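Computation of the quantities below employed the complete heavy-atom set of this structure, encompassing side-chain atoms and omitting hydrogens, waters and symmetry-equivalent molecules. First the proteins, then the strands, lettered A, B, ... as listed; each starts at 1. Bear in mind the structure is a predicted one, so any value in this text is a computation, not a measurement.
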Amino acid sequence: MRGAEGKTALFEARGLRKAFPGVVANDDVSFSVGRGEIHALLGENGAGKSTLVKMIYGVQRPDEGEMLLEGRPFAPRRPGEARAAGIGMVFQHFSLFEALTVAENVSLGMNDAPPARALERRIREVSAAYGLPLEPGRHVGQLSVGERQRIEIVRALLQSPKLLIMDEPTSVLTPQEAETMFGTLRKLAAEGVSILYISHKLEEIRALCDGATILRGGKVTGRCDPRAETARGLAEMMIGRALAAPAVADWKPGAPKLSVEKLSVPGAPPFGVALKDLSFTLRAGDILGVAGVAGNGQDELVAVMSGETRAPSGAIRIGAQPIGHLGPDQRRARGLLVAPEERLGHAAAPDMSLVENAILTGRRRAGLAKQGFLRFGAARRFAEGVVSRYGVKTAGLDHAARSLSGGNLQKYVVGREIEQKPEVFVVAQPTWGVDAGAAEVIRGAIRDLAKNGAAVMVISQDLDELMELSTLLSVIAGGRLSFPIPTREVTVEQIGLLMGGGSAAEPVEIGLLHA
Amino acid sequence: MLELTRRREASKAMLWLTPVFAVILTIVAGGLLFALLGKDPVEAVRLIFVQPFLDPFSRTELLVKGTPLVLIAIGLSLGFRAGVWNIGAEGQFIMGALVGGAVALAFYEIPGVWLLPLMCFAGMAGGAAWAMIPAILRIRFNANEILVSLMLVYVAELLLSALVSGPLRDPDGFNFPESRMFHDSATLPILISGSRAHIGAAVALGAVIAAYVLLERHLFGFRIKLFGQAPRAARFAGFSEAGLVAACLGLGGALAGLAGVFEASGPVGQLVPALPQGYGFTAIIVAFLGRLNPLGVLLAGAVMALTYIGGETAQISMNLPAAAINVFQGMLLFFLLGIDVLVNYRLRWRRAA
């Protein structure tokens, strides 16, 4: 067998198939990864990437087909077996215990962890060798997202993997952190480690990967050398249609919609971040992008905007009306809608149907409840509208929210709020885990909302998205929000530097942005 | 090592088959238990599950025993759905009987159709007030309502004993610790003549229907389900947790209190220390056996009433110990929860890594 680079194939999948009740996640999937190759796995949400990776890592077992590792049949029954065979995996969402130290966390994920002292030495060795600085004795709760990811990578590397699987590794990193991680991956590849790289960020894949396999609807739809393709070409292969060109921001801000003045909120122990002296104004037509590394006060900001955390009444106003003291329901009545980051359990109730989840926030503005009684007919029509307009893939409106894939639930949650025509809309990570086609739909809807006179606040760690979408940009770091400035006046590097230094321990000087 | 992994969506059919399996397993295990005690298991099971249907008086007794069970379990199931664990319905039952009964005694020998409604209202207020103690302690101090409500059961029992030995004692009762018999206006109308089945059975049926509408069609029910499933989403939706805790405990207490009034002014006809029969605790089993669903509670209430009546028959005619019947009822809850785990989780055998 020959890999995409002409190197000997290290890993090969032949005709893999995996079906779940109602959906075929993978159908006749074949691809191979060469020794020392960085191979991209590209596909929309629900294309079957996660299932494929889970089969390789032994979390799930294929219904049909076979896998080969170094030419020998490979059928792991659980992650421990996959790790023993030389598969390492870095998950998109880290599985770390915040109250434990780096070394303790690493030892928990290993098959046979060495004694503590030896482990700490090895962590230091590996992290030094690959440019992943880590202090084994620190508690994870104090670390930034980038540092946490390093723990996952080091944990995988300690087991000397032959194939390292990276699931959306840069979605939470600053540009500088991502660049450092690319260096690490290139170094690993040069030493002969194969890497299976899953990402939505096409530019990254073009810069990093030697080969790519494209999945659509559970099937392989293309194989290519990403370096020879444009990002646009890759995206079209992935979603099977041309990307809509971003609408030119026709930005003429109107009257003030939302004003926040000297808003401070204490952080909840043990890891909460205090919001310090926030002041800003959003006018009709504004789209304020809030950049920042996770854990710098984003969650607290969303909670105080939604009304889950109360504030002094005058600290937040809609128009001239003070609303800081009001709860979520009354704020919705006044036109302030929020879509939080966590979909399952926060924005949506996992075991409730999509119809019931429509009532969750739409009972007042969309008229889904009347005199205390639920209007299921209206709720069904509303949910149907969201599903069709935002392309939510679901087996039916009566299925539990839990049964949707992450990206599809995200579309539903964001669509549910936008369809209620908010005056002010606050959304966290609007396109996290959503495929390129759906992300464009969501961004388009946000733009239209602003164009029609709403004020929007987008909190995201995806800088590219903020640069493309927002008219104003500010950075949240250590619970402080920098003064919003027009997006076209800032550069990615400038923002990235601010975010990179902005771990909770060392707040960034806000004035830097204006320098 | 045994390992449990969660199933993606539990099957709807299993949800309703589980109680049936639980009853069957309880019959089998109960039969074994009776055999170990040296009794004929087939005869015991026949006495408990079949005999009550054959005798006309036993059939009406099903209504007598089922009424308090269903009333209390309806209130409990609303709270359980919301994650509010009121274990002290027995105490709220007693307080309802006590306050409602005190009203009856205060208007002793005064006729009037207004008296019974007044007693019912007083009893509900008494039960609800008793339930407000754990509610306020949880809201204000985050005290565990399971412990507080349970402890208050024993306080209520002692209060009942003290009052029927003191202020509420029958002046012509030779110092026995019991109240006067309630007069006609304070006694519940009988539904089926010649039996003890009273009008409370119709009220319980009404409560079932009201609870069903509340849960399936009303925002209050939506709020209950939401808090039980995803508290964070409920707060995001804008529902107040304190209000929900108070409403669930208050409603549960009021219904238990109403059941208490019915018991005192119906089959018993006076206040006596032996008034509480454990309905408040058995209702917990009824609530779960009925899947916390009002219609299910109605069916489960009938099954549990059956074990009460059949159990009594078996005690008398087969000399079974009373505790054996309690064990029998307990097994039902045990099997139900056990099978539930298997419905929601997949059991896998895993060698230690």
Side-chain angles (χ1 to χ4, degrees), chain A residues 20-22 59 77-81 83-84 110-112 302-303 306-309 326-333 338-340 342-353 356-357 359-364 368-376 379 395 398-404 413, chain B residues 1-15 81-83 142 210-244 247 251 291-293 340 343-346 348-353:
Chain A
F20 297 104
V59 180
R77 281 171 301 178
R78 49 186 158 267
E81 276 189 22
R83 282 199 296 269
M110 292 178 73
N111 283 357
D112 348 83
V302 170
S306 75
E308 287 161 278
T309 307
L326 298 179
D329 197 34
Q330 289 156 304
R331 291 192 190 190
R332 277 187 199 109
V338 176
E342 187 75 32
R343 305 143 186 158
L344 273 184
H346 192 188
D351 290 313
M352 285 192 166
S353 71
E356 287 169 302
N357 268 301
I359 300 172
L360 191 79
T361 67
R363 62 186 186 279
R364 198 190 279 242
L368 305 185
K370 201 175 179 185
Q371 277 149 10
F373 283 90
L374 308 179
R375 298 177 61 214
F376 278 107
D398 295 313
H399 281 259
R402 174 196 298 293
S403 70
L404 264 65
V413 165
Chain B
M1 191 170 69
L2 277 175
E3 196 185 59
L4 292 171
T5 46
R6 196 181 165 87
R7 295 176 201 265
R8 215 173 159 84
E9 255 183 303
S11 120
K12 286 254 154 54
M14 280 312 290
L15 198 69
R81 281 220 174 176
N142 205 20
Y212 182 83
V213 172
L214 202 63
L215 267 180
E216 299 302 323
R217 289 281 173 268
H218 198 270
L219 205 54
F220 182 71
F222 183 73
R223 185 173 151 184
I224 283 177
K225 289 189 261 187
L226 196 56
F227 258 106
Q229 294 177 9
R232 206 162 158 226
R235 282 188 285 272
F236 171 65
F239 296 123
S240 133
E241 185 166 15
L244 183 88
L251 205 57
R291 306 264 85 178
L292 306 182
N293 175 305
D340 256 1
V343 170
N344 288 314
Y345 294 84
R346 208 185 305 276
R348 286 195 316 186
W349 180 255
R350 216 183 90 154
R351 270 168 301 164

Subject >> Nearest non-hydrogen partners of Phe236(B) and Val338(A), listed with the distance >> reply: CZ-O, 3.1 Å
Subject >> Where Phe222(B) and Glu356(A) come nearest, the two heavy atoms and their spacing >> reply: CZ-O, 3.3 Å
Subject >> Sub-4.5 Å side-chain heavy-atom contact between Asp351(A) and Gln229(B) >> reply: yes
Between [X] and chain B, which part of the residue has a heavy atom less than 4.5 Å away: side chain, backbone, both or neither?
X         : value
Ala303(A) : neither
Ala369(A) : side chain
Ile359(A) : both
Arg332(A) : side chain
Gln371(A) : backbone

Original post:
Rounded to the nearest 0.5 Å, how far apart are CZ of Phe373(A) and NE2 of His218(B)?
Top reply: 4.5 Å
Original post:
Got a second to check how far Leu219(B)'s CG is from Lys370(A)'s NZ, nearest 0.5 Å?
Top reply: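 Between Leu219(B) CG and Lys370(A) NZ, I get 14.5 Å after rounding to 0.5 Å.
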[X] side chain to [Y] backbone, donor-acceptor under 3.5 Å:
X         : Y         : value
Arg235(B) : Pro328(A) : no
Arg363(A) : Ala237(B) : yes
His346(A) : Ala233(B) : no

Subject >> Residue, of Ala234(B), Gly238(B), Gly221(B), that accumulates the most heavy atom pairs under 4.5 Å with chain A >> reply: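 Among Ala234(B), Gly238(B), Gly221(B), the one with the most close pairs to chain A is Gly238(B).
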Subject >> Options Val213(B), Leu214(B), Leu226(B), ranked by heavy-atom pairs under 4.5 Å with chain A, top entry >> reply: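 Greatest number of close heavy-atom pairs with chain A: Leu226(B).
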**OP:** Decide side-chain contact (heavy atoms from CB on, under 4.5 Å) for Asp329(A) and Phe239(B); before the verdict, give the C-alpha distance in whole Å, the side-chain angles of both, and the deciding distance to 0.1 Å.
**Re:** CA-CA 8 Å; Asp329(A) 197 34; Phe239(B) 296 123; over 6 Å; no
Original post:
With a cut-off of 6.0 Å (strictly less than), are more than 12 heavy atoms of other residues, nucleotides or ligands near CZ of Phe376(A)?
Top reply: yes
